[in-house]
Participant: 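My questions will all concern the structure given below.
Numbers restart at 1 for each chain; the letters A, B, ... are given by sequence-line order, proteins then strands. Predicted model, so just to flag it, every value in this text is computed and none were measured. Only this structure's heavy atoms are used, side chains among them; waters, hydrogens and symmetry mates stay out.
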Amino acid sequence: MTDPKADGGTTEMQVFQGNEASALGGLAGGVTFFAGYPITPSSEIAEMMSQALPLAGGRFIQMEDEIASIAAIIGASLAGSKTMTATSGPGFSLMQENLGFAAIAEIPITIVNVQRAGPSTGLPTQPAQMDIQQTRWGTHGDHSIIALAPSTVLECFTMTIDCVNLAERFRTPTVLLMDEVIGHMRETVVLPRPGSYEIVERRAPDPGTEDYCPFDCDEVAPLASFGSEHRFHVTGLTHDKRGFPTMVADEVDRKIRRIVDKIEDAADDLADYEEFMTEDADVLLFAYGSTARVAKSSVRALRGEGVKAGLLRAKTIWPFSTKRLRELAGDLRLIVVPEMNLGQLVLEVERGVCGEVPVRHLGRVDGHLFEPDDITGFVLKEAGR
Amino acid sequence: MSEAIENARTFLRPSKKLPTVWCGGCGLGILMSAMTRALARLGVEKNDVAVVSGIGCTGRLPTYVDFNTLHTTHGRGLAFATGVKLARPKLTVIAAMGDGDALAIGGNHFIHACRRNIDMTAIVANNHIYGMTGGQYSPTTPHGKRGTTAPYGNVEHDFDVAALAAGAGATFVARSSVYHAQELDRLIEKAVLHKGFSVVEAVSNCYTSYGRLNKHASPVDMLRWMKENSVPVGKAETMEPWELEGKFTRGVIVERELPEFIEAYDDLAERLTTSPSAVERVKSILKSFDETAERLNAKAE
């Protein structure tokens, strides 16, 4: 993952909001095509892209809805561009069918979802973490997905680069799961300089390759661009290794297992955490996004109360890795998962520790961030203090 | 056999997957053949053409032609095609859709594509019914005609596809039918040559679903209907509205010039690079990204 302290230096101190940092991350990651539709609280990303792309050698288009936006970036990606769109809950719901298309057709795209409270129109201007399971399971049919969750404005930048990189590496849709607070919060940041972070370029078939095989010949096959010398067929129907529709049981089975396994098998590799005071902790707060910032304050407060608390902040949400949780679980007597929903990622935490440690969920769905005291008080009560 | 027809045959995929899924007597094969003849006469390279579709019987068309082919989700072909074209303008992009695909689930994309004037071609195969799902009524099923979901006759009124495209701002609109196969390929050729968004409505026949439900004796009977109930655009101008009742017009219906989207966008980008205020504004956005901008620029070249 992109490390902002990597060698190669940094730029001067600047003030950005998370949405601006995400747009910059897209540009830094090599995005040359953006299609989007206005929706609060993500619109600043489209606005910045519309300003920057024509001068940066790319193209921007505002489509007629979010269905068309994701369709256009899939088409552009297939024609060789790195692509991105940005949206929020209702728009993300509209994108689900074509997100599944990108998953089965194995076309790299990045979706930034600046989460707001739902369901439906909900609270357009207030934060939530209610799209966690929709990101994983929102489109129909078995598939997998990669999703990252930033907690800081700087991470909005670095993780957008990561999302673009991972989309290219795995030939899959990736989702940056921001929330309204991170999107609109302004922070002083020092961005890493170009050249100090990795940019993944898409693996294409070698020039002159005869008998190009776009699917199933490799865990992640090279992807030719439309307009190159390699013509091939792309469909959302289950397809064989050449891309043509198939109903042959073996071919169908292989295809679906592979698009899941190529991501799920990499779960431990892709897992990325920040750990805070976990060395001697027996009470673990498991959090992500803006909630994790609050949870860190709670860890300090709990330490002041004599509770050996620690924080495991997940940066990678999907694929969900249980490895680090299981390593820590032996020393834990309690895990608390605060989320701005009524219990979504906590389900994965429970599965991860398999009943070895009690797991308690603290949910908030009123459109407001947790206060540190909310979490601290909950932990003290649950820890029997 | 003419050279164009020979060349058109080379545009069919050798390995896959003929025969088609289409029923005997279906008009879609005639349409596909007209499309390949048009492209053969234009002398296109296979690598330089992208054929995009949505879902339905017409949605299967890209499977059979040896270009860059993209079979997308229901109704969204034009939205995918928009991305393909904007990312790689040198491609000749054709979106092939049925009437339900283009005008019901995809109706919003259709009108906005007409309005934007991106240089690509939409071919709407209009057989007045949802064929693949078994004959349900579509946005172009005429009032009173039957579908499996209009068992007592259609209560709704149908779209005039060409008029819809013209009203939404398409800069080239033409219509013919699969009976008039040679006229159809000439019109597709003109549409592809047109700089801007072009629409060709190909009136087609679905005997299996529409024909049987609406008392057409055979596919041939449906083709005969096209022959007897269509009027060339020029002749229609001399006729009274009552004479045209129940008939459709054939030929070029709209042909006009309007700046094409990508040309307009790139012109704007070019002017921006010489506008100090625009450059300053974007530099202030990109601040520390001069190198990125340079890299992107280099890539674009």
Side-chain angles (χ1 to χ4, degrees), chain A residues 10-12 14 20 23-24 27-28 30 32-33 35 48 51-61 63-65 67-81 83 97-98 100-101 105 191 193-195 225-237 242-245, chain B residues 13 15-17 46-48 50 52 55 60 62-63 66-88 90-91 108-109 111-112 116 261-262 265-266 268-269 272-273 278-279 281-282 285-289 291-293 295-301:
Chain A
T10 55
T11 64
E12 76 268 34
Q14 297 168 84
E20 291 169 341
L24 286 173
L27 293 166
T32 54
F33 183 77
M48 195 177 233
Q51 287 198 5
L53 277 174
L55 281 123
R59 293 195 180 92
F60 167 93
I61 190 166
M63 296 299 286
E64 51 273 15
D65 57 27
I67 301 171
S69 300
I70 183 171
I73 65 168
I74 295 170
S77 180
L78 199 46
S81 296
T83 64
E97 186 192 9
N98 283 340
F101 183 90
L191 298 178
R193 266 198 194 288
S225 298
F226 274 18
S228 72
E229 61 184 295
H230 306 287
R231 295 184 304 282
F232 65 110
H233 185 60
V234 179
T235 177
L237 287 165
R242 306 284 166 204
F244 291 104
Chain B
R13 283 204 155 107
S15 58
K16 284 278 174 177
K17 270 236 172 171
K46 291 181 187 179
N47 288 339
D48 295 338
V52 185
I55 294 293
R60 295 301 182 98
T63 319
D66 193 12
F67 302 113
N68 303 282
T69 50
L70 175 58
H71 174 215
T72 72
T73 47
H74 197 17
R76 319 301 173 198
L78 277 171
F80 281 79
T82 298
V84 170
K85 182 70 183 179
L86 260 59
R88 208 170 274 242
K90 72 156 192 173
L91 286 170
N108 199 33
H109 310 307
I111 58 173
H112 287 278
R116 283 194 188 100
F261 178 98
I262 297 174
Y265 190 95
D266 290 355
L268 176 66
L272 285 174
T273 56
V279 169
R281 187 164 31 152
V282 170
I285 296 172
L286 295 174
K287 261 184 183 163
S288 39
F289 284 87
E291 290 174 52
T292 306
R295 187 168 53 76
L296 291 171
N297 271 323
K299 203 174 175 184
E301 286 158 15

Participant: Is a donor from one side chain sitting under 3.5 angstrom from an acceptor on the other, for A:Arg242 and A:His233?
Facilitator: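 No donor-acceptor contact under 3.5 Å links the two side chains.
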Participant: Is there a side-chain contact between A:Ile67 and A:Glu97, using heavy atoms and a 4.5 Å cut-off?
Facilitator: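 No, their side chains stay 4.5 Å or more apart.
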Participant: For B:Leu272, which atoms come within 4.5 Å of any heavy atom of chain A: side chain, backbone, both, or neither?
Facilitator: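 Both parts, backbone and side chain.
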Participant: May I ask you to test the A:His230-B:Asn47 pair for a side-chain heavy-atom distance under 4.5 Å?
Facilitator: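 They are not in side-chain contact.
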Participant: Tell me, side chain or backbone of A:Ile73 under 4.5 Å from chain B's heavy atoms, or both, or neither?
Facilitator: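 Answer is neither: A:Ile73 stays 4.5 Å or more from chain B.
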Participant: Where on B:Asp266 is there a heavy atom nearer than 4.5 Å to chain A: the side chain, the backbone, both, or neither?
Facilitator: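 Looking at B:Asp266, just its side chain touches chain A.
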Participant: Taking every non-hydrogen pair under 4.5 Å, which of B:Thr273, B:Asp48, B:Asn108 racks up the most with chain A?
Facilitator: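 The answer is B:Asn108.
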Participant: Would B:Arg13 and B:Thr69 count as a side-chain hydrogen bond (donor to acceptor under 3.5 Å, both in side chains) here? Give the steps.
Facilitator: CA-CA 11 Å; B:Arg13 283 204 155 107; B:Thr69 50; 3.0 Å; yes
Participant: If I take atom CG from residue B:Leu86 and atom CD1 from residue B:Ile262, how far apart are they, to the nearest 0.5 angstrom?
Facilitator: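 With rounding to 0.5 Å, CG (B:Leu86) is 4.5 Å from CD1 (B:Ile262).
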Participant: Which region of A:Phe226, side chain (C-beta onward) or backbone (N, CA, C, O), has a non-hydrogen atom less than 4.5 Å from a non-hydrogen atom of chain B, or is it both or neither?
Facilitator: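 Interface part for A:Phe226: both.
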Participant: Taking A:Ser77, A:Gly75, A:Ser225 one by one, which has the highest count of heavy-atom pairs under 4.5 Å against chain B?
Facilitator: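 Heavy-atom pairs under 4.5 Å are most numerous for A:Gly75.
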Participant: Just checking, any donor-acceptor pair under 3.5 angstrom between side chains of B:Thr82 and B:Arg116?
Facilitator: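 No, no side-chain donor-acceptor pair sits under 3.5 Å.
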Participant: Do you know which of A:Ser228, A:Gly236, A:Gly227 has the most heavy-atom pairs with chain B at a distance under 4.5 angstrom?
Facilitator: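 Heavy-atom pairs under 4.5 Å are most numerous for A:Gly227.
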Participant: Pick one of side chain, backbone, both or neither for B:Lys85, based on which atoms fall under 4.5 Å of a heavy atom in chain A.
Facilitator: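 Contact with chain A: none, neither part.
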